[in-house]
Novice: 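Sharing a structure with you now.
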Amino acid sequence: MIYSNLEMQTKIYDHTSIEERWQKTWEERKLFQNMAATVAPGDDWLYLLFAFAYPSGQGLHVGHVESKTALDILARFNRMHGKKVFFPVGWDAFGLPAENYAIKTGVHPAETTRNAIHTFRRQIKRVGISYDWEAEIATSHPGYYKWTQWLFLELYKKGLAYQGDGMVNWCPSCQTVLANEQVVNGACERCETEVIQKKMKQWFFKITDYKDELISGLDQVDWPEATKQQQLHWIGKSEGHEVVWEVVDGAGIPNGKSIKTFTTRLDTIFGVTFIALSVKHDLVGEIRPLGKEAQKYVSEAVIQSESEAKRSGSKNGIDTGTKVKHPITGELIPVWIADFVIGSYGTGAVMGVPGHDGRDNEFAKIHTIKIERAIEGNQENSSDLYEGKGVLTTDFPNFGGLTSEQAIEKIEAEPTYSGVITKTTQYKLRDWLISRQRYWGTPIPIVYDPEGNPHQVKEEHLPWTLPTDVDFKPTGESPLTSSKEFHARVEKLYGKGWRPEYDTMDTFIDSSWYYLRYGSARDETQFADPEQLKALLPVDFYMIGPEHIVLHLLYSRFFTKFLRDQGYLKFDEPFTKMRHQGMIMGPDGKKMSKSKGNVINPDEIIEKFGADTLRVYEMFMGPIESDKPWDISAVAGVYRFLQRTQTALLSQVGEAATPDHPEFLAVRRKLHQTIAKVSSHIPALKFNTAIAALMECLNLFERANRAEKFVLPDGEVRAWTQLIAPFAPFLAEELYQIAVGTTGDEFISVHQSVWPEADAELSAETAFEIPIQIDGKVRARLQIAADQAEDEAFVVAQAQANAVVRRWLAGKKPAIRYIPGKIVSFSTQA
RNA sequence: GCCUCGGUGGCGGAAUUGGUAUACGCGUUAGACUUAAAAUCUGAUGGUCUUACGACCUUGUGGGUUCGAGUCCCACCCGAGGCACCA
């Protein structure tokens, strides 16, 4: 007996008992569980995905509830339309917070993580999110990270995972390498310590191999424009020319060395008055002469991190005394070293055009370098002069008077410049540095022979398990160095003198392929079953916060394209449609944070008002994608709405319909209109207006019922309970089961029922109120029966007969316009 | 500086994409019920002027297109997020 206390129903909305009862029932009946096992040919699947979450010790946040509920509504709505819905959940369980906690308290990250996941799972179930728990995954589980390691080895075998040397960002406090994106204004994003540069041997993924496809693929997806723009900006494709400048000796004779610069404005080459090298440029220290002062400057500048120069916007620099030869004019140009030149972009050197570039202009003025104008009609120090339309000044033989476009074409066509000036494309995107000197992550499946050469861990040794006997305390070395078991394992399997790779992988790797694993979460033989992949992927709808979008999406797209090229996947882009939820702000309108004391705890709201209220309130707050402040009294308003809904629907059960009620058709019309509205607003993600429509419907019903007892036909009572099911699944289940009179075990959930359809005839309005506009102002309104709305002559005659209209139009001959069913417009002008 | 969103009552927000601006909710206020309060229910609620009928104003600002503009066009102001000495 699933429903034992029907009789106890009263007018009181007892959210706690309702929600406990149905959570238990759904769980016992395994509603919507293990869906991937039901994959069959010809299925119409909808794959809904929520951003992989880190199971933090803080537990569920109201922000999580918002996006999870939005997806849950889509899941329930689509299931009721007969679609098979795949709606899995998992945990991005490796990561720094658990490790930092371990350093502080000694509690093993595995334990912290396990507890946090338990908390999240309990809270999510309480909110009624209809996840498929049978497909649950956690990146820290060997059954998962075995395949993360497999992915690494696939990349390694194709040469896309390689070891490289280079300057890396090092956080002295966290004792780890940081990716560029983890450096914010020159400081560690986590602890805000100033980041320094350090040279280390690291593993990289060659994402740059896919740079062009990562740009073009954006045309295939339905994503917010801003997200696409951010991706493009990160990849930073820029077309221009590389120019080789020959270094000359004191007599002006080339000495065999050269400097390359990159420019997007080749036409300004005639205005070059200096060349500037980055302090990290290879030639710094090599070119002669380099005076003592310059030596000193360079060493200071190298010590001073580049990021500091960036922040201060400084324009320091020094003349090296060296000169290069202008490839076109033959003029000798001084070479400077300048801190505003970025070592890692382009060639690490720029041609200085102070006549046409604001930044170069600033530098030239400070250091009194000649400023020369090459193009007419532009502001002296502006960089916005170009649109390909500038005209070169007449000072340049063969080029004077040409437009920028013509000059560039001419240079490109001139054989003399072949190999000196070359059309080229630059990208900001760098290869992905994936090594982390951290414990709580996926071990890199590499071992080193006694000579120090890397070898891949044999596939039969996967999962290459993370040792547990480590010292978390930061020493500047990877914690795995301290594991005895790890060393013993490698020597036993690979031979004496062999050692493991001590670094772990960036957790972005774990979280950038997880959506491929859900369908085969327990498969120990392959990373994903091809049949599952074919049926479920790509992801139809992805809901993800706006904060992590650039890298996670770029990496996910890279993996997808790589695995496609290996023949594992048949699609190019992993996420067909994506939207971002807004942030829920504290009641003070500020971002919620513990220090501000404005955090709303979902458990407290559920305790007091119930999960249904929490869900409906968060959906009612406003558009899903915008930021919204929390308003506790509005929560109570939603609670009242659910309570009134219960009262209204309970009053209908077991009663005979009241066709003689004067409002009978009006209320039913409203209900059918509401069915139509809710049905169209849900797929459009307009949850707030769908709920407003349900409120309007209830208001009209209550007004009619107040005047005289009102009872809807049975089917419409059931339809009403179905309409609220996606939003308030617990209350809807309760009312639906009462409405259908479920007894014993013949239980079919409201969430398994078929979504109601609006009756077009019933929902059609019988009368319109048509405004009458005179010169753009509404002066009167007309009541017109629906069957007269198409009759223009009649409507216009009615309008003209209106007393107010006659007063306004007295003595005038207006132009008349009638938009059927919308408006009558009189115009007295012209 | 660049990119992307936004700007509508006291507040959160609606507006079928050019056709009744302010739906729905909150708040406020008057009332009912109550010994009282809470809860619940009912009515009012953009602004100014007016005894009233009503008039005028109102979607960040200023122009424009149109019979008609929150919606389209031009210029600007303000806010949020992202990127940024990227050559």
Side-chain angles (χ1 to χ4, degrees), chain A residues 11 185 224-230 232-234 236 238 240 261-265 268 276 278 306 309-315 338-342 344-353 357-360 362-363 383-384 426-428 546-547 549-550 580 582-583 585 589 616-617 620-623 625-638 640-641 643-644 647 677 680 686 688-699 702-703 706 768-778 780-782 804 814-819 821-830:
Chain A
K11 295 274 181 203
N185 288 331
E225 189 53 33
T227 306
K228 291 187 182 184
Q229 290 300 330
Q230 283 186 48
L232 286 174
H233 197 265
W234 193 264
S238 159
T261 61
F262 173 73
T263 179
T264 52
R265 290 285 317 278
T268 64
S278 140
E306 192 175 88
K310 266 189 203 176
R311 266 178 300 164
S312 62
S314 65
K315 290 283 180 297
D339 63 357
F340 76 87
V341 181
I342 298 167
S344 56
Y345 181 72
T347 60
V350 298
M351 54 181 224
V353 189
D357 180 274
R359 190 183 40 223
D360 295 347
E362 207 186 316
F363 186 79
S383 53
D384 62 10
Q426 284 292 336
Y427 296 84
K428 285 188 225 169
E547 58 282 347
I549 52 177
V550 175
H580 308 307
M583 204 188 306
M585 317 299 267
V616 174
Y617 170 65
F620 185 60
M621 290 172 88
E625 69 276 6
S626 50
D627 295 347
K628 305 148 282 233
W630 191 271
D631 178 355
I632 190 65
S633 49
V635 177
V638 167
R640 278 196 290 275
F641 163 65
Q643 186 165 18
R644 283 160 52 209
T647 305
K677 276 191 191 168
S680 68
K686 290 161 72 174
N688 53 334
T689 52
I691 293 164
L694 288 163
M695 287 173 168
E696 266 186 73
C697 183
L698 177 65
N699 289 346
E702 284 180 341
R703 213 166 301 139
R706 196 179 306 137
F768 295 99
E769 192 183 70
I770 294 178
I772 303 169
Q773 231 176 41
I774 297 167
D775 291 333
K777 287 191 194 300
V778 177
R781 289 163 224 274
L782 218 51
V804 177
I816 303 167
R817 198 180 312 248
Y818 174 56
I819 314 297
K822 297 271 191 199
I823 201 162
V824 182
S825 170
F826 294 99
S827 170
T828 63
Q829 306 133 351

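Below, each value reflects all heavy atoms present in this structure, side chains not excepted, and no hydrogens, waters or symmetry copies.
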Novice: Rounding to an integer number of angstrom, what distance separates G64(B) and G79(B) when you compare their P atoms?
Specialist: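 My reading of the P atoms in G64(B) and G79(B) gives 28 Å.
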
Novice: Just wondering, do Arg265(A) and Val353(A) contact through their side chains at under 4.5 Å, heavy atoms?
Specialist: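 No, their side chains stay 4.5 Å or more apart.
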
Novice: Are side-chain heavy atoms of Asp775(A) and Ser827(A) found at a separation under 4.5 Å?
Specialist: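 Heavy-atom side-chain distance check passes, below 4.5 Å.
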
Novice: Without swapping roles, check the side chain of Lys628(A) against the backbone of Pro623(A) for a donor-acceptor pair under 3.5 Å.
Specialist: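 Indeed, once roles are kept as given, a pair shorter than 3.5 Å links the two residues.
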
Novice: Evaluate the side-chain proximity of Val550(A) to His233(A): yes if any heavy-atom separation is below 4.5 Å, no if none is.
Specialist: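 Counting from C-beta outward, His233(A) and Val550(A) never come under 4.5 Å.
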
Novice: Send over the distance from Met583(A) CE to C5(B) P, rounded to a whole Å.
Specialist: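 Interatomic distance, CE of Met583(A) to P of C5(B): 19 Å.
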
Novice: Rounding to an integer number of angstrom, what distance separates U17(B) and C11(B) when you compare their C1' atoms?
Specialist: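 Result for the C1' pair: 27 Å, nearest Å.
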
Novice: Give a yes/no on whether any side-chain N or O of Arg265(A) is located under 4.0 angstrom from OP1 or OP2 of A87(B).
Specialist: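 Checking Arg265(A) against A87(B): no side-chain N or O falls below 4.0 Å of OP1 or OP2.
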
Novice: Give one of base, sugar-phosphate or nothing for Lys777(A), where a contact means two heavy atoms less than 4.0 Å apart.
Specialist: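 Answer is sugar-phosphate: Lys777(A) comes under 4.0 Å of backbone atoms only.
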
Novice: Nearest to the side chain of Gln229(A), which nucleotide is it out of A87(B), C3(B), C85(B)?
Specialist: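 The answer is C3(B), which lies nearest to the side chain.
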
Novice: Report all interatomic pairs (protein N or O, nucleotide N or O of nucleotides 42-48 of chain B) with separations under 3.5 Å.
Specialist:
unit_1, atom_1, unit_2, atom_2, d
U42(B), OP1, Arg706(A), NH2, 2.2

Novice: Rounded to whole Å, how long is the line connecting atom NZ of Lys677(A) with atom C1' of A15(B)?
Specialist: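 Taking atom C1' of A15(B) as the reference, NZ of Lys677(A) is at 11 Å.
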
Novice: Hey, is the main chain of Met585(A) close enough, under 3.5 Å, to the side chain of Asp627(A) for a donor-acceptor pair?
Specialist: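 Pair absent, no side-chain N/O of Asp627(A) close to backbone of Met585(A).
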
Novice: Distance between the P atoms of G12(B) and C3(B), in whole angstroms?
Specialist: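 That atom pair is separated by 29 Å.
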
Novice: Given atom CH2 of Trp234(A) and atom P of G82(B), what is their separation to the nearest angstrom?
Specialist: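 Spelled out: CH2 on Trp234(A) to P on G82(B) is 13 Å.
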
Novice: In whole Å, I'd like the distance from the CG atom of Asp627(A) to the P atom of G12(B).
Specialist: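 Whole-Å distance recorded here is 13 Å.
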
Novice: Given that Gly622(A) and Gly637(A) both sit by RNA chain B, which one's nearest nucleotide is further toward the 5' end?
Specialist: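 Closer to the 5' end of RNA chain B: Gly622(A).
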
Novice: Please report the distance separating the P of C57(B) from the corresponding atom of G43(B), rounded so that it comes out in whole Å.
Specialist: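 One P to the other, the span is 32 Å.
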
Novice: Give none if C2(B) has no partner; otherwise give the nucleotide forming a Watson-Crick or G-U wobble pair with it, both distances under 3.5 Å.
Specialist: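 Per the H-bond distance test, G82(B).
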
Novice: Give Gly346(A) one of three labels, base, sugar-phosphate or nothing, depending on what nucleic acid heavy atoms sit under 4.0 Å from its own.
Specialist: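 Contact class for Gly346(A): none.
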
Novice: With syn defined as a glycosidic angle within 90° of 0 and anti as the rest, where does U17(B) land?
Specialist: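 For U17(B), whose glycosidic angle is within 90° of 0, the conformation is syn.
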
Novice: Pairing check on A87(B): which nucleotide meets the Watson-Crick or G-U wobble criteria with it, both distances under 3.5 Å?
Specialist: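 Because no pair has both required distances under 3.5 Å, A87(B) counts as unpaired.
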
Novice: Tell me which nucleotide, if any, is Watson-Crick or G-U wobble paired with C26(B) when both distances must be under 3.5 Å.
Specialist: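 G10(B) is the nucleotide pairing with C26(B).
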
Novice: Looking across every strand, which nucleic acid part, if any, lies under 4.0 Å from Glu625(A) by heavy atom: base, sugar-phosphate, or nothing?
Specialist: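 Glu625(A): no heavy atom of the nucleic acid under 4.0 Å.
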
Novice: Nearest to the side chain of Lys822(A), heavy atoms from C-beta on, is which of U16(B), G68(B), A15(B)?
Specialist: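 That would be U16(B).
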
Novice: Looking at G25(B), A23(B), C26(B), which one has an atom nearest to any side-chain atom of Ala692(A)?
Specialist: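 It is A23(B).
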
Novice: Rounded to whole angstrom, note down the C1' distance from A21(B) over to G13(B).
Specialist: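 Straight-line distance between the two C1' atoms is 13 Å.
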
Novice: Nearest-Å distance, CD1 (Ile691(A)) to P (G13(B))?
Specialist: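 My rounded result for the distance is 15 Å.
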
Novice: For the P atoms, the ones on U71(B) and on G19(B), what distance do you get once it is rounded to whole angstrom?
Specialist: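 The same atom, P, in both gives a distance of 11 Å.
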
Novice: What is the base-pairing partner of A55(B), counting Watson-Crick and G-U wobble geometry with both distances under 3.5 Å?
Specialist: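 Here A55(B) is engaged in a pair, and the nucleotide opposite it is U48(B).
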
Novice: Counting side-chain heavy atoms from C-beta on, which of C67(B), C24(B), A87(B) comes nearest to Ser825(A)?
Specialist: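 Selected nucleotide: C67(B).
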
Novice: Under 3.5 Å for both donor-acceptor distances, Watson-Crick or wobble: does U40(B) have a partner, and if so which one?
Specialist: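 Base-paired to A32(B).
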
Novice: With a 4.5 Å cut-off on side-chain heavy atoms, are Asn699(A) and Arg644(A) touching?
Specialist: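 Yes, side chains in contact.
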
Novice: For atom C1', what is the distance between G60(B) and C77(B), given to the nearest Å?
Specialist: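 Nearest-Å result for G60(B) against C77(B) at atom C1': 7 Å.
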
Novice: Any idea which of C85(B), U20(B), A87(B) is nearest the Thr263(A) side chain?
Specialist: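 Among C85(B), U20(B), A87(B), the one nearest the side chain of Thr263(A) is A87(B).
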
Novice: Given that both distances must come in under 3.5 Å, which nucleotide forms a Watson-Crick or G-U wobble pair with G70(B)?
Specialist: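 Base partner found: none.
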
Novice: I want to verify the glycosidic state of G12(B); is it syn or anti under the 90° rule?
Specialist: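 Judged by the O4'-C1' to base torsion, G12(B) sits in anti, the angle falling more than 90° away from 0.
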
Novice: When the C1' atoms of G82(B) and U66(B) are compared, how many Å lie between them, rounded to an integer?
Specialist: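 It works out to 38 Å between them.
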
Novice: Taking CE from Met695(A) and P from G12(B), how many angstroms apart are they, rounded to a whole number?
Specialist: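 That distance rounds to 17 Å.
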
Novice: Could you please name the partner base of C76(B), counting Watson-Crick and G-U wobble pairs only when both distances are under 3.5 Å?
Specialist: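 The answer is G60(B), by the H-bond criterion.
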
Novice: Which nucleotide wins on minimum distance to the side chain of Phe262(A), given the candidates A87(B), C85(B), G68(B)?
Specialist: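 Per side-chain heavy atoms of Phe262(A), the pick is A87(B).
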
Novice: Calculate the interatomic distance between Ile823(A) atom CD1 and U71(B) atom C1'; express it in whole Å.
Specialist: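 These atoms are roughly 15 Å apart.
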
Novice: Of the listed nucleotides (C24(B), C26(B), A87(B)), which one gets closest to any side-chain atom of Asn699(A)?
Specialist: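 Of all the options, the side chain of Asn699(A) is nearest to C24(B).
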
Novice: Starting from C1' on G12(B), measure out to NZ on Lys628(A) and report it in whole angstrom.
Specialist: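 My rounded result for the distance is 10 Å.
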
Novice: Just compare A15(B), U4(B), C85(B) and give me whichever is closest to any side-chain atom of Ala226(A).
Specialist: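 Selected nucleotide (nearest to the side chain): U4(B).
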
Novice: For Tyr345(A) and Lys686(A), take the nucleotide of RNA chain B holding the closest heavy atom to each; which residue's nucleotide lies nearer the 5' end?
Specialist: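 On the 5' side of the pair lies Lys686(A).
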
Novice: If we only count heavy atoms from C-beta on, is the Asp339(A) to Phe363(A) side-chain gap below 4.5 Å?
Specialist: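 Of all side-chain heavy-atom pairs linking Phe363(A) with Asp339(A), none is under 4.5 Å.
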
Novice: Identify whether any heavy atom of Pro623(A) sits under 4.0 Å from a base atom; if not, whether one sits that close to sugar-phosphate; answer base, sugar-phosphate or nothing.
Specialist: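 Sugar-phosphate contact only.
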
Novice: Consider the side chain of Ser633(A), meaning its heavy atoms from C-beta on, and name the nucleotide among G68(B), C26(B), C41(B) that approaches it most closely.
Specialist: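 Comparing G68(B), C26(B), C41(B) against the side chain of Ser633(A), the answer is C26(B).
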
Novice: Less than 4.5 Å apart, any side-chain heavy atom of Trp630(A) and any of Met621(A)?
Specialist: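 Contact flag for Trp630(A)/Met621(A) side chains = yes.
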
Novice: Any idea which of A14(B), C41(B), G19(B) is nearest the Asn688(A) side chain?
Specialist: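 It is A14(B).
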
Novice: At under 4.0 Å between heavy atoms, what does Gln230(A) touch on the DNA or RNA strands: base, sugar-phosphate, or nothing?
Specialist: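 Contact class for Gln230(A): sugar-phosphate only.
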
Novice: Only pairs with both distances under 3.5 Å count, Watson-Crick or wobble alike; so what is the partner of U16(B) in this structure?
Specialist: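 No nucleotide pairs with U16(B).
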
